[in-house]
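See below for the structure under consideration.
Start at 1 and go down the list; that is how both ligands and their atoms are numbered. Counting begins at 1 with the first residue of the sequence.
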Amino acid sequence: MRYSAYRVVKEALSGHRGWRPLWRNPDPRPAYDYVVVGGGGHGLATAYYLATTFRQARIALLEKSWLGSGNIGRNTTIIRSNYLLPGNEPFYEFSMKLWENMEQLLNFNAMVSQRGILNLFHSDGQRDAYRRRGNAMLLAGADAELLDRDQVRRMAPFLNFDNARFPIKGGLLQRRGGTARHDGVAWGYARGADLAGVDLIQNCEVTGFRIEDGRVKGLETSRGYIRAGKVGVAVAGSSSRVMSQAGMRLPIESHVLQAFVSEGLKPTIPGVITFGAGHFYVSQSDKGGLVFGGDIDGYNSYAQRGNLPVIEDVAESGMALMPMIGRARLLRVWGGIMDMSMDGSPIIDRTPVEGLYLNAGWCYGGFKATPASGYCFAHLLATDTPHDTAKAYRLDRFERGYLIDEKGMGASPNLH
Ligand code: FAD
């Protein structure tokens, strides 16, 4: 759907009454072959790839609130593929390649901006760990450069290089990393899925699963019972709550993560900068606001708002890294619920209930995974086999001890 410049001007001069909604607003039908639960980035991308790449039909997506009301619209928009472990790096690099083609595929401007991401290091030991990580990235086909202190100084002269606790010694740079407009991503996948025939059903909360003889038959929802051939659950911060309705206990804890935006400033920060040692990261939006964050709130919660001690902590880390941030006024703060898995890596797998599939455990880092998570989950739902890059994301790894312990990337200290 392309709009001519003439159409844009005409609408502007006539009160914008001619635009149509980007997707339909259908009522649920009694039965579908596939039901995806959760209208965040992962659910929408799953529905989109199921209907397009995997050519499946009779698909519904159920969202308890409005599309994009969860973490997809609450994150700090960072995309990257700078992981270390073999279970993770090929998946995140696959995701990065999908990001690079996503706007063309969806014909939607999601403001994907490969402005680079720089992870700072402060000791020789940390430098060696980053060198190893960079090598793992290169081996998986990603890009990585190890910068010394002078190279970092040329990129970001405003940083406090000699702060007493964490003097900056250099950084690991991924130039293809960057940011994307988070809600634009949800809207792009939603429109694409709708055009491909998916029923996107909002204000429809899943309240229970009907399971007979070990197989899922359908879903109890706030809009009535819906029969389903296969059900894929992608509800991020609500994973443990929703899966408990199917009798499952997940190796997941829910915590709040907060995000912060300052007043608009002139262009200052070239890309994304992470200060893992101090639990702080920052980028600058196209409107000029500094977008930053830090660690999760320490207690378990399902509330989508955080607490003052973490705000103070993040502000303190920001001041340690770039004291000039103390001059900027804070404009907005909000929170989202993280589904923190016990090894920092996600789950894309079948469950012990036949026909019920799970996509969960994205911790701080699921935004960057959105395209690959959707693609791989759709692959699993459609073919009953895991995608090559997502084979390690098994649910039983927590029982068997085969953890993909990338807490350093899925969670802090390398951050989001
Ligand atoms: P969501 O958008 O949360 O989607 C889940 C949906 O399920 C919600 O819309 C919810 O309403 C719905 N739902 C829940 N229960 C039910 C039910 N019973 N029935 C029907 N629907 C239901 N990741 C990065 O990669 N980079 C970052 O920079 C980054 N920064 C972050 C900063 C913050 C402050 C936060 C909160 C997160 C950040 N993340 C980041 C993480 C990332 O946002 C999440 O991992 C990712 O968005 C989760 O997947 P999702 O988009 O599908 O989740």
Can you find an N or O of V206 that's nearer than 3.5 Å to an N or O of ligand 1? yes
Among K368, H255, K64, whose heavy atom sits nearest atom 25 (O) of ligand 1? K368
Donor + acceptor pair across side chains of R223, T221 (<3.5 Å): no
Hey, which atoms in ligand 1 end up nearer than 4.0 Å to a heavy atom of H42? 49 (O), 50 (P), 51 (O), 52 (O)
Would you say S65 has any N or O atom under 3.5 Å from an N or O of ligand 1, going by distance alone? no
Run the numbers for me: atoms of ligand 1, each under 4.0 Å from some heavy atom of W362, listed by number. 45 (O)
Side-chain donor-acceptor contact under 3.5 Å, Y402 with D343: no
Counting heavy atoms only, which part of A186 comes closer than 4.0 Å to ligand 1: side chain, backbone, both or neither? neither
Between H387 and F94, how do the two ring planes meet: parallel, tilted or perpendicular, split at 30° and 60°? parallel
Proximity of C363 to ligand 1 by residue part, where a heavy atom lies under 4.0 Å: backbone
For E205 and K64, run salt bridge (charged side-chain N to carboxylate O under 4.0 Å, His left out): C-alpha distance rounded to whole Å, both residues' side-chain angles, the deciding distance at 0.1 Å, then the answer. CA-CA 4 Å; E205 178 169 5; K64 75 171 176 187; 5.0 Å; no
Would you mind listing which atoms of ligand 1 come within a distance below 4.0 Å of any non-hydrogen atom of Q258? 34 (C)
